[in-house]
Participant: 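Pasting a structure below so you can have a look.
In what follows, every chain begins at residue 1, and chains take the letters A, B, ... in the order their sequences are listed.
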Amino acid sequence: MRFSASIASGCPSLARRVILHLDMDCFYAQVEMIRNPELREKPLGVQQKTLMVTCNYVARKLGVNKCMSIREAREKCPQLVLVSGEDLTHYREMSYKVTGLLEEFSPRVERLGFDENFIDITELVEKRLRDPQCGGAMEASGHVYNQQVPDASDWTHQRLIVGSQVAADIRAAVYSQLGLTGCAGVASNKLLSKLVSGTFKPNQQTVLLPESCSCLINSLNHVHRIPGIGYKTAQRLEALGLGSVSALQSCPITVLEKELGAAVAHRIQMLSRGEDDSLVTPTGPPQSLSEEDSFKKCCTVSDVSAKLEELLRLLLSRLSADGRSAHTLRLTIRQFTPTNKYFNRESRQCPIPVKVAQSRSGSAAVVSALMELLMKLFEKMIDVKMPFHLTLLNVCFSNLKASRSSASSRCSIGFYLTQKKLSKPLRKDSESLRSVSDTAMAPSCTPHTACPQGTEPNVGFAMDCKESVDGDAVSSLPKSVDVNVFSQLPVELQKELMSEWKNQKITPKIQTKKFQDKGKTSKGQRSSAASHPNSLLKYFKPN
DNA sequence: CTGGGCGAGT
DNA sequence: ACTCGCC
């Protein structure tokens, strides 16, 4: 009884969500200024090859913008200080520190690149609304989009206003603990929170109230500015005369379906109206690790071999820190072509023999075994007896699995369910959730009833509930769980379930079928970052 | 003188 | 294996 009641009442309906988008200011430049504070007052650009990928705000005042070529940036600003940003190590580490810190506020954190995160703060907001100590004055923190005046008697306004206060707290925590500034947007879905976060930059925040939604979405000059509509889709829309947001909004769906297919058509028309029902999906640890390098010319086998070995060693080092083992190896190349230089990438992949995958990453035997595989993959694409001209090499480890030593004993669900006491109090909600998803490679995946996402998130448990005499769902403990369903449950319920499984010494079956999108695709195992003991290294707490 | 990553869908 | 999306 307890469970079904909690599940039914605890899941926020899609329309009542409060979503936060946090976008770090000129992220790579900030990291470089932390590494070398003397750079703070100078115009600073971060360089990758011939491109300045970002720059600090001192440089921006002098007319420099991100993604300018180095030549152009130097022309506009001769005093510009450039640092190399081709090694992503420091950015990656800081990026995961940010995500880790955000996960202390809510386990529902989704990464978007290295410098952006979505956080579903619905439950935090509701907690504050219930807390009498936080009651009273309803003033937004930061900007309100369109200078709309909130209506204190409007519940939706109240939730978003409280959301803006949560956002301010979170930004303050990121600054005090990591020294980073960023912009936040608060709205009722991911699309709107992302769009609104950029309205005041840098180091500011904006909340969007529903009445100003159309103002925000119609302020976009072109459909390409809508996140989710990329270059290709925008071009096809343009060809249909649908370059403007308003044209896309009012286009007959049949026209869109004919050009783009039903799924994309529906999705982008929703987006054009500011509607976005996608969930904040906890990102967890990366599903692949890759290293790449681009260059003007590489045309000998020995040069290829040397470059691949360097990439491989970097990757093995990262894989070792991650604590998982890789079971697929992929090589991507780009060959020189005078025209259309940037899109002719080809790749070949192969399994990594279990013996190699599970041996210690540092050993020379592993390096040579993987180098042999890489050169075989290379020769599947390039006839080495003929002249060739490469401009890029990428090595990627994917199909990452928890390795035996690290994961199964300490981090499996069995660990949590059989231990008398947890090593940590379950306060860190994210950790209990992680331990569940960590065992997601269990092969027995029973498909569950599909349903449109967000409408009835408890359906993943439905098979375990019986009808009782009085017609109420009976309080049987679910014995199977979809990772993605579980992760979207209220944190309190997650904890309750974990604790109850533990008490009853039950090991629930894990399903990994993706809950949304009518279950047509599997996301594969979706284990969360901190579930891996060694992955925790990425989440250092600041001193 | 257009990086170096990531994930999802097909 | 490839396309498309995001930063």
Participant: Give me the residues of residues 231-240 of chain A where at least one heavy atom lies under 4.0 Å from an atom of DNA chain B, by number, or none.
Facilitator: none

Participant: Just by modelled atom types, is the A:Gln249 backbone N or O under 3.5 Å from a matching donor or acceptor in the A:Arg273 side chain?
Facilitator: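 Flag set: sc A:Arg273 to bb A:Gln249 pair under 3.5 Å.
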
Participant: Which is true for A:Lys380 with a 4.0 Å heavy-atom rule: it touches a base, it touches only sugar-phosphate, or it touches nothing?
Facilitator: nothing

Participant: What integer distance in Å separates A:Tyr91:OH from B:dC6:P?
Facilitator: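 Rounding to the nearest Å, OH of A:Tyr91 and P of B:dC6 are 15 Å apart.
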
Participant: Atom CZ of A:Phe295 and atom P of B:dC1: how far apart are they, to the nearest Å?
Facilitator: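 Checked: the CZ to P distance equals 18 Å.
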
Participant: Rounded to whole Å, please give me the gap between CG in A:Leu393 and P in B:dG5.
Facilitator: 12 Å

Participant: Less than 4.5 Å apart, side chain to side chain, heavy atoms only: is that true for A:Glu32 and A:Val46?
Facilitator: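 Side chain of A:Glu32 against side chain of A:Val46, heavy atoms only: contact under 4.5 Å found.
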
Participant: Mind checking if A:Ile226 touches a base, just sugar-phosphate, or nothing, with heavy atoms under 4.0 Å?
Facilitator: sugar-phosphate

Participant: Does A:Thr50 have a side-chain nitrogen or oxygen under 4.0 Å from the phosphate oxygens OP1 or OP2 of B:dG3?
Facilitator: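 Result: yes.
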
Participant: Give a yes or no on whether the backbone of A:Leu102 and the side-chain of A:Glu104 come within a donor-acceptor separation of less than 3.5 Å.
Facilitator: no

Participant: Could you work out, with salt bridge (charged side-chain N to carboxylate O under 4.0 Å, His left out) as the rule, every residue matching A:Arg318, not counting sequence neighbours?
Facilitator: A:Glu291

Participant: Please check: side-chain N/O of A:Gln269 versus main-chain N/O of A:Leu248, any donor-acceptor pairing under 3.5 Å?
Facilitator: yes

Participant: Within this structure, what is the CZ-to-C1' distance between A:Arg345 and B:dT2, rounded to whole angstrom?
Facilitator: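 In whole Å, B:dT2 C1' and A:Arg345 CZ are 12 Å from each other.
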
Participant: Indicate yes or no for a side-chain donor-acceptor contact from A:Asn56 to the backbone of A:Pro43 under 3.5 Å, with no hydrogens or angles considered.
Facilitator: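 Between the backbone of A:Pro43 and the side chain of A:Asn56 there is no qualifying donor-acceptor contact (under 3.5 Å).
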
Participant: Let me know the distance between OH of A:Tyr96 and P of B:dG5, rounded to the nearest Å.
Facilitator: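 Rounded to the whole Å, the gap is 13 Å.
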
Participant: List for me each residue that meets salt bridge (charged side-chain N to carboxylate O under 4.0 Å, His left out) alongside A:Glu86, sequence neighbours excluded, and say none if there are none.
Facilitator: A:Lys49

Participant: Does A:Gln205 use its side chain to pair, donor to acceptor, with the backbone of A:Ala168 at less than 3.5 Å?
Facilitator: yes

Participant: Mapping A:Ser69 and A:Arg92 onto DNA chain B by nearest heavy atom, which one lands closer to the 5' end?
Facilitator: A:Ser69

Participant: Does B:dG4 have OP1 or OP2 sitting under 4.0 Å from an N or O in the side chain of A:Ser290?
Facilitator: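 Indeed not, no polar side-chain atom of A:Ser290 lies that close.
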
Participant: Quick check against the 3.5 Å criterion: does A:Asp25 have a side-chain atom that pairs as donor or acceptor with the backbone of A:Asn203?
Facilitator: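 Such a contact is found between A:Asp25 side chain and A:Asn203 backbone.
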
Participant: Calculate the interatomic distance between A:Arg267 atom CZ and B:dG9 atom P; express it in whole Å.
Facilitator: 10 Å

Participant: How is A:Arg318 classified with respect to the nucleic acid when contacts are heavy atoms under 4.0 Å: base, sugar-phosphate, or nothing?
Facilitator: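 A:Arg318: backbone/sugar contact only, no base atoms under 4.0 Å.
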
Participant: Taking CD from A:Gln287 and P from B:dG5, how many angstroms apart are they, rounded to a whole number?
Facilitator: 17 Å

Participant: Of all the choices, B:dG5, B:dG7, B:dG3, which nucleotide is nearest to the side chain of A:Glu292 once you look at every atom?
Facilitator: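 So the nucleotide nearest the side chain must be B:dG5.
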
Participant: Convert the base pairs of DNA chain B into dot-bracket notation, remembering that pairs crossing earlier ones are written with [ ] and that bases paired across to another strand are shown as |; include only Watson-Crick or G-U pairs under 3.5 Å.
Facilitator: ...|||||||

Participant: Taking the six-membered ring for Trp, are A:His143 and A:Phe200 parallel (under 30°), tilted (30 to 60°) or perpendicular (over 60°)?
Facilitator: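 Rings of A:His143 and A:Phe200: parallel, under 30°.
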
Participant: Return yes if some donor-acceptor pair links the side-chain N/O of A:Arg60 with the main-chain N/O of A:Cys55 below 3.5 Å, else return no.
Facilitator: yes

Participant: Using a cut-off of 4.0 Å on non-hydrogen atoms, how would the nucleic acid contact of A:Gln349 be classed: base, sugar-phosphate, or nothing?
Facilitator: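 Sugar-phosphate only.
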
Participant: Can you tell me how far CD1 of A:Ile352 sits from OG of A:Ser398, rounded to the nearest 0.5 angstrom?
Facilitator: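 Result: 7.5 Å between the selected atoms.
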
Participant: Is the cationic atom of A:Arg111 (NZ for Lys, CZ for Arg) positioned less than 6.0 Å from the six-membered ring centroid of A:Tyr96 and within 45 degrees of its normal?
Facilitator: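 Ring-cation test returns yes.
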
Participant: Are A:Tyr91 and A:Tyr28 an aromatic pair by the rule of ring centers under 6.0 Å?
Facilitator: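 Yes, they do, as the ring centres are separated by less than 6.0 Å.
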
Participant: Using a 4.0 Å heavy-atom cut-off, does A:Leu289 contact any base of the nucleic acid, only the sugar-phosphate backbone, or nothing at all?
Facilitator: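 The answer is sugar-phosphate, as A:Leu289 gets under 4.0 Å only of primed atoms, P, OP1 or OP2.
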
Participant: Using the heavy-atom set of chain A and a strict 4.0 Å cut-off, write down the first and last nucleotide of DNA chain C that makes it in, 5' to 3'.
Facilitator: C:dA1 to C:dC7

Participant: Measure the distance from NE2 on A:His90 to P on B:dG3 and round it to the nearest whole Å.
Facilitator: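 So the NE2-P distance, A:His90 to B:dG3, works out to 22 Å.
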
Participant: Measure from the side chain of A:Ser294, starting at C-beta and using heavy atoms only, and say which of B:dG5, B:dG7, B:dG3 lies closest.
Facilitator: B:dG3

Participant: Check each residue of residues 75-89 of chain A for a non-hydrogen atom within less than 4.0 Å of any atom in DNA chain B, then write out the ones that pass by number, or none.
Facilitator: A:Glu86, A:Leu88

Participant: When we call it a touch if two heavy atoms are under 4.0 Å apart, what does A:Gln47 touch: a base, just sugar-phosphate, or nothing?
Facilitator: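 The residue A:Gln47 makes no contact with any strand.
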
Participant: Are the aromatic ring centres of A:Phe295 and A:Phe336 under 6.0 angstrom apart?
Facilitator: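 Here the rings of A:Phe336 and A:Phe295 have centres that are no less than 6.0 Å from each other.
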
